[in-house]
Number of protein chains: 2
Amino acid sequence: MADLKSNINPLFLREEDLRQGIELLFYAYRDFTAEPDAILAKWGFGRAHHRVIYFVGRNPNITVTELLAILKITKQSLSRVLGTLIEDDFISQRADPSDRRRKLLTLTEKGGELERELTTTQMARFARAYRETGAEAVEGFRRVLSGIINPEDRARVRPRQKPGRGRG
Amino acid sequence: MADLKSNINPLFLREEDLRQGIELLFYAYRDFTAEPDAILAKWGFGRAHHRVIYFVGRNPNITVTELLAILKITKQSLSRVLGTLIEDDFISQRADPSDRRRKLLTLTEKGGELERELTTTQMARFARAYRETGAEAVEGFRRVLSGIINPEDRARVRPRQKPGRGRG
DNA sequence: ATTTAAGGTCAGCCATGTTGACTTAATTAT
DNA sequence: ATAATTAAGTCAACATGGCTGACCTTAAAT
């Protein structure tokens, strides 16, 4: 019996299975970022710019502090990429009227176009994977990856509207 | 009706769902790498070292070329981190007897210990997620993430032994 | 009036990716 | 046997994007 554990208790997780998870995540992330990287290079941007563009697009009027909480990088690191994105007119900022210390970040039209180009490649990748595997697998994927994320940040990944069922 | 498409055709994937996938992958990867990064810092290593240690541990006697194919970085980039790992006695190399141009890489005992320490944190994360979600979700996770990986590399993620079923 | 919070800035350091040009040694093909 | 290819390594230079630390301004909260 090379692997007693798995034969005794199906709830005991085999190292093999856990390592498979680690590797899937590595390879998936590696390939998932490759296409956007190529597009970004045309503009002289990098992956850090992409993350900012993505999350500003996803959260219009987001503040710098909130963006930092998502990215988990320092203010100084963010400032570099955010600065170039504002300067190059991909992102605009305006003061929050209710607290003028806050700056609300939004994609410009130009920024929105780039966001769409970048996100389209990644959505296509997911669309194919989802189609090939089906709704049940997608739900499993969603639940497992949620479990990988630190609990305090799970709520960030919001299915923003529940899908309508049938009818239209 | 704000979202006609999803009501008409359940096979039409909503942008919302696709973006959720993108975000899950981002957050999961972010948190999944944080603990190892902290351990590596104690040794003066970074994430790049981790990847090398992981895949050499996973593929004893791997060649440099094969390692490059997994990591998809340049030989020069690899050389830097691999060089320090060999110098610090975490990895050993020996010539392949059947083709002495090839160098076979293996973890030393010291390297194996670090590999285990690093991988344990990531396995614990997966173990919890797997336990919380169940076998069906895990299978869905596995299939979806496989679909995200470029086809030519899917075979790399091998479930090396099929689990025994019941009995012990 | 003081303290705190949000945001920004300058300077410098480090890790890790890149290109490009070359070298050496071993194997394979002609 | 010679030539070509392959595996590995090396040196130099550069870019990106993290980091720390010190410090400033403005606005809000106490």
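All chains are named by letter (A, B, ...) in the order of the sequence lines, taking the proteins before the strands, and each is independently numbered beginning at 1.
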Sugar-phosphate, base or nothing in reach of A:H50, heavy atoms under 4.0 Å: nothing

Sugar-phosphate only, base, or nothing, as touched by A:R47 at under 4.0 Å among non-hydrogen atoms: sugar-phosphate

Spacing of OG belonging to A:S92 relative to CD1 belonging to A:I86, to within rounding of 0.5 Å: 8.0 Å

From A:L104 atom CG to A:N61 atom CG, the distance as rounded to the nearest 0.5 Å: 5.0 Å

Mutual orientation of the aromatic rings belonging to A:F126 and A:F141 [parallel < 30°, tilted 30-60°, perpendicular > 60°]: tilted

Whether B:Y27 and A:F55 hold their rings parallel, tilted or perpendicular, with breakpoints at 30° and 60°: tilted

Atom-pair distance (NZ on A:K42; C1' on D:dA15), nearest Å: 20 Å

Euclidean distance, atom CD1 of residue B:I86 to atom C1' of D:dT10 [Å, nearest integer]: 14 Å

Measuring to OP1 and OP2 of [N], would you say a side-chain N or O of [X] lies under 4.0 angstrom away?
X: A:S79; N: C:dG8; answer: no
X: B:H49; N: C:dA15; answer: no
X: A:S77; N: D:dG17; answer: no

Just to be sure I understand the geometry, which residues of [range] put a non-hydrogen atom under 4.0 Å away from DNA chain D?
range: residues 62-75 of chain B; answer: B:T63, B:V64, B:T65, B:K75
range: residues 28-37 of chain B; answer: none
range: residues 97-105 of chain A; answer: A:D99, A:R100, A:R101

Shortest non-hydrogen contact between B:I148 and A:D31, atoms and distance: O-CB, 4.3 Å

Most 5' of B:R80 and B:Q76 on DNA chain C, judged by nearest nucleotide: B:R80

Donor-acceptor pair, side chain of A:R154 and main chain of A:S146, under 3.5 angstrom: yes

Ring center gap for A:Y54 and B:F26 short of 6.0 angstrom: no

